[in-house]
Amino acid sequence: RRVGGLVLVEPKTKASRRTIVLPALEKVEVKRTAASLIKRRLASGARWDSTHDLVFPASFGGLIDPAQDNREWNRLIAGAGVRDVRLHDARHTAATLLLLEGVDIRTVMSVMGWTEMATAQRYTHAVDELRRQAARRMGDLLWETKTQS
């Protein structure tokens, strides 16, 4: 935001400029959104802000106001009946879920656009399940608790 207006800026790091790989269902949803966007753009006519070619623009094209985005997030959270969390906290959750699914830390860093291990350590959380998995794996490694055929 500069002088009361929104400004599109370059990502902070080269790692932030990355190809995003989506799950199959998300690809379908993005394609559906793109089709809807074409209809919105045509219906808006001259009111459409075509300054930027955005995948997820504001109602009439242009940049999404972060304050408005935050208000909508808070409405969604309240409507879902879950505890109050910041939109940014979803990144922490996503990174931790990737680790729970067994994705290695370097891949998680790449997905999230991080270049520093310190960033990964701030964002990912060692949850009880990860500690149990680590203990189970160490036990299997040291005492070979698996049955032999």
Side-chain angles (χ1 to χ4, degrees), residues 1-138 140-141:
R1 195 177 285 280
R2 292 198 184 127
V3 192
L6 299 174
V7 178
L8 188 62
V9 296
E10 286 290 322
K12 292 184 276 188
T13 65
K14 286 183 182 179
S16 295
R17 292 180 226 125
R18 62 195 181 281
T19 299
I20 305 297
V21 180
L22 298 173
L25 289 176
E26 288 301 316
K27 287 180 186 178
V28 169
E29 202 54 42
V30 168
K31 286 179 182 178
R32 186 176 296 141
T33 299
S36 171
L37 180 62
I38 292 168
K39 291 176 186 174
R40 282 177 33 208
R41 186 176 190 155
L42 291 172
S44 298
R47 294 181 300 168
W48 189 263
D49 178 354
S50 58
T51 306
H52 307 287
D53 184 23
L54 302 170
V55 177
F56 300 104
S59 298
F60 292 100
L63 303 173
I64 294 174
D65 183 343
Q68 176 63 27
D69 192 40
N70 190 56
R71 284 190 293 275
E72 289 178 22
W73 170 261
N74 288 332
R75 273 196 294 271
L76 283 170
I77 291 297
V82 297
R83 69 180 178 87
D84 188 30
V85 293
R86 300 170 305 149
L87 175 56
H88 191 77
D89 293 333
R91 285 181 59 80
H92 294 255
T93 301
T96 302
L97 288 174
L98 287 170
L99 289 173
L100 281 169
E101 287 299 310
V103 177
D104 67 277
I105 190 67
R106 287 289 177 193
T107 303
V108 171
M109 288 175 65
S110 176
V111 168
M112 303 305 287
W114 303 327
T115 56
E116 302 293 326
M117 186 59 76
T119 305
Q121 290 170 336
R122 274 196 313 274
Y123 275 81
T124 58
H125 305 284
V127 293
D128 289 341
E129 180 56 28
L130 288 174
R131 286 189 284 272
R132 280 192 290 276
Q133 287 176 16
R136 194 168 34 252
R137 287 179 181 170
M138 184 58 77
D140 289 349
L141 178 67

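Under the side chain to side chain contact (heavy atoms under 4.5 Å, CB included) criterion, T93 pairs with L97, sequence neighbours left out.
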Could you go through the side chain to side chain contact (heavy atoms under 4.5 Å, CB included) check for E116 and T119 one step at a time?
-> CA-CA 5 Å; E116 302 293 326; T119 305; 3.8 Å; yes
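Sparse packing is recorded around CZ of R137, with 12 or fewer heavy atoms of other residues, nucleotides or ligands lying under 6.0 Å away. For D104, the CG atom sits in a packed shell: over 12 heavy atoms of surrounding residues, nucleotides or ligands are nearer than 6.0 Å. More than 12 heavy-atom neighbours from other residues, nucleotides or ligands sit within 6.0 angstrom of CZ on R18.
Without hydrogens or angle criteria, W48 side chain to R40 main chain gives no donor-acceptor distance under 3.5 Å. Side-chain atoms of R47 never come within 3.5 Å of backbone atoms of F60 as a donor-acceptor pair (strictly under, hydrogens ignored). T96 places a side-chain N or O within donor-acceptor distance of the main-chain N or O of H92, the cut-off being under 3.5 Å.
Considering every non-hydrogen atom in both M117 and M109, the closest pair reads N-CE, 3.8 Å. Considering every non-hydrogen atom in both P57 and L37, the closest pair reads CG-CD1, 3.3 Å.
In this model, no donor atom of one side chain and acceptor atom of the other lie less than 3.5 Å apart for Q133 and R136.
Counting heavy atoms from C-beta outward, I38 and L42 have side chains that approach closer than 4.5 Å.
Under 4.0 Å is where a charged nitrogen must lie from a carboxylate oxygen, and between D89 and R86 at least one such pair does.
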Donor-acceptor pairs under 3.5 angstrom involving side-chain atoms of residues 25-33: please list them, not counting sequence neighbours.
residue: E29; atom: OE1; partner: R32; partner atom: NH1; Å: 2.8
residue: T33; atom: OG1; partner: E29; partner atom: O; Å: 2.9

